[in-house]
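Below: the structure, in structure tokens.
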Amino acid sequence: MKKLLLLLPFLFMSLVSKAQFLNTGGDIDQNRVNFGFLLGIDRSGFIITKQSNFRLPDSNPYTSDTLYAVKPIGSTGFSLGLLTNLKLTNTLDFRFTPRFSFISRQMEFQYNKKSADLNRVVGKEVESTLLELPLLLKLKSARQQDVRLYVIGGIKFCTDIRSKKKKGDDALFEPGDDRKLVKIDNNFFAVEAGLGADIYFEYFKFSPELKLSRSMANVLKQDNNVFSQPLTGLFAEALHFTMYFE
């Protein structure tokens with residue numbers, strides 16, 4: 001999937017090269033406000049910051065094993081949503097693109113066992129169903145034939161709306177239990193920026209877009225357990241490939 005995301009810019013160029021017929025997209029550029037929908041593929045992960053002494057023996061009171069690495073592991077999800085576009089000028093639009101994102105971020109904790117000459121690896125998964133509410137500005141180039149390039153950026157509010165049952169079950173486990181969860185804030189803000197292309201067809205406009213996003217603040221919920229204790233912060237990041245239909 002990661003290789004597929006890297007190939008997407010070449011797909012952009014292929015679509016651009018084929019769209020050269022002066023279509024109007026249903027006269028969409030004449031409208032002050034227009035609407036659409038979106039489908040997306042998201043590659044999500046964490047930027048991890050750790051305690052300076054996390055590798056020292058007995059630095060974690062919840063385990064006798066020595067932690068020697070915490071690695072983020074990216075995973076792929078998907079998103080779907082709606083689009084409202086407000087034309088401010090001929091080259092600048094304001095966009096509101098509420099969406100549901102179904103994602104999973106993973107981490108790998110690697111330990112040296114104190115009781116034996118063995119290594120132990122524990123994987124932790126942070127599953128989320130996010131309602132994202134982005135407010136974006138879109139700066140467009142002049143139209144060339146049936147194509148208009150653009151850059152886009154802004155901020156978004158994210159809230160996790162998935163079931164709280166699994167988080168409730170976590171309270172049943174002791175702080176040193178490997179079944180403890182790594183928890184993040186249910187609500188956070190993020191910044192995102194990217195680029196894309198508006199491609200005009202006879203009755204609609206198709207816009208493939210590639211964006212990066214990152215939480216504005218640390219989203220780790222410090223729960224004082226075997227997994228959260230060595231960490232000082234988690235920053236949620238994602239690579240988004242989104243297809244807009246207007």
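Nothing here was measured: the structure is a model prediction, and the numbers come from that model. Here, residue 1 is the first one in the sequence, and each next residue gets the next number. Note: hydrogens, waters and symmetry copies are ignored here, and every other heavy atom, side chains too, is used.
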side-chain hydrogen bond (donor to acceptor under 3.5 Å, both in side chains) involving [X] - partner list, sequence neighbours excluded:
X    : value
S213 : H240
E237 : none
K140 : D93
E108 : Q110

Measure the shortest side-chain to side-chain distance between [X] and [Y] over non-hydrogen atoms and say whether it is less than 4.5 angstrom.
X    : Y    : answer
F241 : R43  : no
L181 : D223 : no
L137 : F94  : yes
Y244 : T97  : yes
K50  : P230 : no

Measure the [atom1]-[atom2] distance between [X] and [Y] for me, rounded to the nearest 0.5 Å.
X    : Y    : atom1 : atom2 : answer
L131 : C158 : CG    : SG    : 8.5 Å
F204 : E246 : CZ    : CD    : 11.0 Å
T49  : L234 : OG1   : CG    : 7.0 Å
I28  : F201 : CD1   : CZ    : 12.5 Å
I161 : N186 : CD1   : CG    : 11.0 Å
L136 : L139 : CG    : CG    : 13.0 Å

Does [X] reach the main-chain N or O of [Y] with its side chain, forming a donor-acceptor pair under 3.5 Å?
X    : Y    : value
Q222 : N224 : yes
R214 : M216 : no
R148 : S141 : yes

Exercise. Should T242 and E209 be marked as a side-chain hydrogen bond (donor to acceptor under 3.5 Å, both in side chains) after you check the CA-CA gap, both sets of side-chain angles, and the distance that decides it?
Worked result: CA-CA 5 Å; T242 308; E209 181 182 281; 4.8 Å; no
For [X], ring-ring contact (aromatic ring centres under 6.0 Å, His included) partners two or more places apart:
X    : answer
F37  : F245
F78  : F102
F227 : F109
F189 : F157

Can you tell me if N90 has over 12 outside heavy atoms packed within less than 6.0 Å of its CG?
no
Check [X] against [Y] and note the closest heavy-atom contact, atom names and distance.
X    : Y    : value
D42  : S101 : OD2-OG, 4.1 Å
D185 : N218 : OD2-O, 3.8 Å
I184 : S128 : CD1-OG, 4.4 Å
V182 : V126 : O-CG2, 3.5 Å
S44  : I103 : OG-CG2, 3.6 Å
F188 : S215 : CD1-CB, 3.9 Å

Starting from [Y], can I reach [X] by hopping between I/L/V/M/F/W/Y residues whose side chains sit under 4.5 Å apart?
X    : Y    : answer
I48  : L67  : yes
V151 : L88  : yes
I155 : I152 : no
L38  : F35  : no
M107 : F235 : no

Hits for salt bridge (charged side-chain N to carboxylate O under 4.0 Å, His left out) against R99, two or more places apart or cross-chain, chain-then-number order -> none
K87 meets the salt bridge (charged side-chain N to carboxylate O under 4.0 Å, His left out) criterion, sequence neighbours left out, with none
Determine whether K205 and I199 satisfy the following criterion, side-chain contact (heavy atoms from CB on, under 4.5 Å), listing intermediate values before the conclusion. CA-CA 6 Å; K205 182 171 69 176; I199 304 174; over 6 Å; no
Throw together a table of side-chain donor-acceptor distances under 3.5 angstrom for residues 191-198, partners on residues two or more places apart or in other chains.
{"unit_1": "E192", "atom_1": "OE1", "unit_2": "K156", "atom_2": "NZ", "d": "3.2"}
{"unit_1": "D198", "atom_1": "OD1", "unit_2": "K138", "atom_2": "NZ", "d": "3.0"}
{"unit_1": "D198", "atom_1": "OD1", "unit_2": "S207", "atom_2": "OG", "d": "2.5"}
{"unit_1": "D198", "atom_1": "OD2", "unit_2": "K138", "atom_2": "NZ", "d": "2.9"}

side-chain contact (heavy atoms from CB on, under 4.5 Å) between Y150 and T91, worked out
CA-CA 9 Å; Y150 66 84; T91 58; over 6 Å; no
Residue set satisfying side chain to side chain contact (heavy atoms under 4.5 Å, CB included) with Q106, at least two apart, ordered chain then number -> I73, S75, S104, E125
